[in-house]
Amino acid sequence: MMVQFPDLVIFIPGILGSVLTKDGKTVWDLSVAGLYNGTRLTELQLDAPGSLDLDIGDGITAVSVVDNIGGIPGLWKLGGYSRLRDKLIADLGLQLDRNFREFPYDWRRDN
C-alpha cells in the first residue's frame, strides 16, 4: 500500500497550456482532439480593456489543462500535460481533485 502524499499539489500549465472555450465551444486546444476540431484564432483576440478585471466580458473561459498531443516516436513529439499528470499521481500516490488539482488559466491575460 502506497502512503498518501501529505501535501496539496497544484499544477499550473505554461503559456498555451490551458484549453479555452467561448460560449461553450472550444477556441484553443492543442490536444489531438483540439487540433482535429480546429482552433479559432480569431476568437482569441484580446481587445477588451481592463485585462486585469476578473471578467472582461469576452466569453472566454479556461476549462482544463491541455492533454498530450502525441508525435512520432524517435522523430518528434509535442507537449501536453496528461502524461505528467498521470506520472505525478502514480509516483506520489496523489488523488485528482483531492490532493492534486489542476489550475487552467486564460494565458492571454496578465498574470
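Minimum interatomic distance between Glu102 and Val65 (heavy atoms only, all atoms of both residues): CB-CG2, 3.7 Å. Between Leu94 and Leu88, the closest heavy-atom pair is CD1-O, 3.7 Å. Looking at every heavy atom in both residues, Pro104 comes nearest to Val63 through CG-C, 3.9 Å. Leu8 approaches Arg98 most closely through the heavy-atom pair CD1-O, 3.9 Å. Shortest non-hydrogen contact noted between Tyr105 and Ile15 is OH-N, 3.5 Å.
Residues Val27 and Thr21 are not in side-chain contact: their nearest non-hydrogen atoms beyond the backbone lie 4.5 Å or more apart.
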I'd like to know whether Asp106 forms a side chain to side chain contact (heavy atoms under 4.5 Å, CB included) with Ile60, so could you lay out the CA-CA distance, the side-chain angles of the two residues, the decisive distance to 0.1 Å, and finally the verdict.
CA-CA 8 Å; Asp106 186 347; Ile60 293 183; 4.0 Å; yes
List the steps, then state whether side chain to side chain contact (heavy atoms under 4.5 Å, CB included) holds for Leu16 with Trp28.
CA-CA 8 Å; Leu16 307 178; Trp28 179 263; 3.8 Å; yes
Could you walk me through whether Trp107 and Leu20 pass the side chain to side chain contact (heavy atoms under 4.5 Å, CB included) test, one step at a time?
CA-CA 9 Å; Trp107 42 262; Leu20 302 179; 3.7 Å; yes
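Within the 3.5 Å criterion, the main-chain N or O of Phe11 finds no donor-acceptor partner in the side chain of Tyr81.
Between Arg85 and Asp67 there is a salt bridge, since a side-chain N of the basic residue sits under 4.0 Å from a carboxylate O of the acidic one.
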